[in-house]
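Throughout, residue positions are numbered sequentially from 1 according to the sequence presented. Values reported hereafter were calculated over all heavy atoms of this structure, with side chains retained and with hydrogens, waters and symmetry mates removed.
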Amino acid sequence: MGVLDRFEKGVENVMQNAFAKTFRSGIKPVELSAALKRECDNRAAAVDRGRTVAPNEYVLTLSPADHDTVMSWGDDAMAHELEEALQEHATRQAYSLVGAVTVAFAQDASLATGRYAVSSRTTRGPVAPATTRNPQSRFPLLDVDGDRYYLTGATTVLGRGSEADIVIDDTGVSRTHVRLEVTEHGTILTDLGSTNGTFVEDQRVKEATLLDGNAITIGRTTIMYWDAVPSDEDL
């Protein structure tokens with residue numbers, strides 16, 4: 001459960017008390033979360049039958065005082081909590097995303113304390129979090145320990161390092177372990193010289209064209225792969 005969830009549920013704990021004290025005279029985290037969800041709903045657009053795309057990049061513009069407060073508390077931690085709340089909201093609403101959800105903070109000297117503005121845009125990235133349990137999509141789909149990602153870019157790198165598009169928290173995984181390339185002939189997996197190797201259906205491979213339902217193992221992590229479903233529509 002995230003910090004914002006605890007705050008919204010009124011749980012009395014240290015984090016909630018810190019929030020209350022820090023934001024006593026300005027904005028509240030729960031207000032920012034609600035504003036982002038409204039922006040998500042207002043900007044969501046139906047692009048074809050059964051698919052509504054919502055923005056994935058958001059900017060919260062704050063007054064100088066509120067911006068300083070967010071920075072002093074920890075803007076990275078706050079952004080992470082807001083991103084998780086947005087991701088959960090998109091999942092509940094069955095919105096599609098074409099890139100990772102991000103939240104950034106900016107400031108505007110013309111805004112009074114407690115005032116803020118929200119802007120958003122849709123930007124395609126190499127991966128997008130899946131917001132539906134249906135594995136059929138116009139993009140190939142990966143399941144990594146229950147977290148699902150659409151391969152929305154031409155290439156996607158998986159690894160333990162922050163430079164990877166999908167970060168795997170597994171000490172047996174190299175920093176840049178494997179690359180997936182989506183082509184018209186299928187999704188091609190290439191091992192990037194990893195220390196412990198890459199296995200597809202328990203067979204060690206340097207390169208392989210993936211098949212629908214393949215199990216990929218890197219380190220101690222098993223990743224499930226599903227093919228895309230062809231469609232004449234595209235963003």
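- Pairs of residues two or more places apart, or lying in two chains, that qualify as salt bridge (Lys or Arg N to Asp or Glu O under 4.0 Å) and include a residue from residues 173-190 are E163-R175.
- In this structure, L151 is not a member of the same hydrophobic cluster as L211, with clusters built from ILVMFWY side-chain heavy atoms closer than 4.5 Å.
- T155 places none of its side-chain heavy atoms less than 4.5 Å from the side chain of V157.
- Remark: the backbone N or O of G219 is not paired with any side-chain donor or acceptor of D170 at under 3.5 angstrom.
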Please step through side chain to side chain contact (heavy atoms under 4.5 Å, CB included) for the pair D147 and D145, ending with a clear verdict. CA-CA 6 Å; D147 292 326; D145 288 336; 5.7 Å; no

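- Note that the NZ atom of K206 and the OG1 atom of T190 stand 11.0 Å from one another [nearest 0.5 Å].
- L142 and L210 fall within a single hydrophobic cluster, where Ile, Leu, Val, Met, Phe, Trp and Tyr are joined by side-chain heavy atoms under 4.5 Å apart, directly or via other members.
- Listed by chain and residue number, nothing satisfies the side chain to side chain donor-acceptor pair (under 3.5 Å) test with D165 (two or more places apart in sequence, or in another chain).
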As a quick check of understanding, evaluate side chain to side chain contact (heavy atoms under 4.5 Å, CB included) for F105 and L82, giving each step before the final call. CA-CA 11 Å; F105 299 102; L82 292 171; 3.9 Å; yes

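- At least one donor-acceptor pair under 3.5 Å links the side chain of T152 to the backbone N or O of G125.
- Expressed to the nearest 0.5 Å, how far OH of Y225 lies from CG of L141 amounts to 9.5 Å.
- Within the 4.5 Å cutoff, no side-chain heavy atoms of Y150 are placed close to those of V98.
- Judged by distance alone, the side chain of T69 and the main-chain N or O of A65 form a donor-acceptor pair under 3.5 Å.
- Between the side chain of D66 and the backbone N or O of T113 there is no donor-acceptor pair closer than 3.5 Å.
- Residues E201 and G213 share a closest heavy-atom pair of OE2-O, 3.8 Å.
- Residues S63 and R115 have side chains not in contact (no heavy-atom distance under 4.5 Å, counting atoms from C-beta outward).
- The two residues S174 and T195 make their nearest non-hydrogen contact at OG-N, 3.1 Å.
- Criterion: ILVMFWY side-chain heavy atoms under 4.5 Å apart, direct or through other members. Under it, V101 and M78 are part of a common hydrophobic cluster.
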From CA spacing to verdict: side chain to side chain contact (heavy atoms under 4.5 Å, CB included), K37, R92: CA-CA 11 Å; K37 292 174 185 177; R92 286 195 298 269; 4.0 Å; yes

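- Hydrophobic clustering (ILVMFWY, side-chain heavy atoms < 4.5 Å, transitive): L180 and V182 are in one cluster.
- Partners of E83 by salt bridge (charged side-chain N to carboxylate O under 4.0 Å, His left out), not counting sequence neighbours: none found.
- Formation of a donor-acceptor pair under 3.5 Å by the T156 side chain with backbone atoms of P126 is found in this model.
- A distance of 10.0 Å separates CD in Q87 from SG in C40, rounded to the nearest 0.5 Å.
- The CZ atom of R160 sits 11.0 Å away from the CD1 atom of I218 when rounded to the nearest 0.5 Å.
- Residue S33 holds its OG atom at 9.0 Å from CD of E88, rounded to the nearest 0.5 Å.
- For R43, the salt bridge (charged side-chain N to carboxylate O under 4.0 Å, His left out) partners are E39, not counting sequence neighbours.
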Listed pairs under 3.5 Å, donor-acceptor, residues 54-61 side chains, sequence neighbours left out:
| residue | atom | partner | partner atom | Å |
| --- | --- | --- | --- | --- |
| N56 | OD1 | T123 | N | 2.9 |
| N56 | ND2 | A100 | O | 3.1 |
| N56 | ND2 | T123 | O | 3.0 |
| E57 | OE1 | R121 | NE | 2.8 |
| E57 | OE1 | R121 | NH2 | 3.1 |
| E57 | OE1 | T123 | OG1 | 3.3 |
| Y58 | OH | P55 | O | 2.8 |

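- Using modelled atom types, no side-chain atom of D143 and backbone atom of M224 make a donor-acceptor pair closer than 3.5 Å.
- Taking the six-membered ring for Trp and thresholds of 30 and 60 degrees, H89 and Y95 have ring planes more than 60 degrees apart, a perpendicular arrangement.
- Scored by the salt bridge (charged side-chain N to carboxylate O under 4.0 Å, His left out) test, D191 finds no partners at all (sequence neighbours excluded).
- Residues L36 and V118 have side chains in contact (heavy-atom distance under 4.5 Å, counting atoms from C-beta outward).
- Rounding to the nearest 0.5 Å places CG of L189 at 9.0 Å from CD1 of I223.
- If you chain together hydrophobic residues whose side chains sit under 4.5 Å apart, I216 and V205 fall into the same group.
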Go through H67 and D75 one step at a time and tell me if the side chain to side chain contact (heavy atoms under 4.5 Å, CB included) criterion holds. CA-CA 9 Å; H67 187 270; D75 56 314; over 6 Å; no

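- In this structure a side-chain-to-backbone donor-acceptor pair under 3.5 Å is present from H177 to G197.
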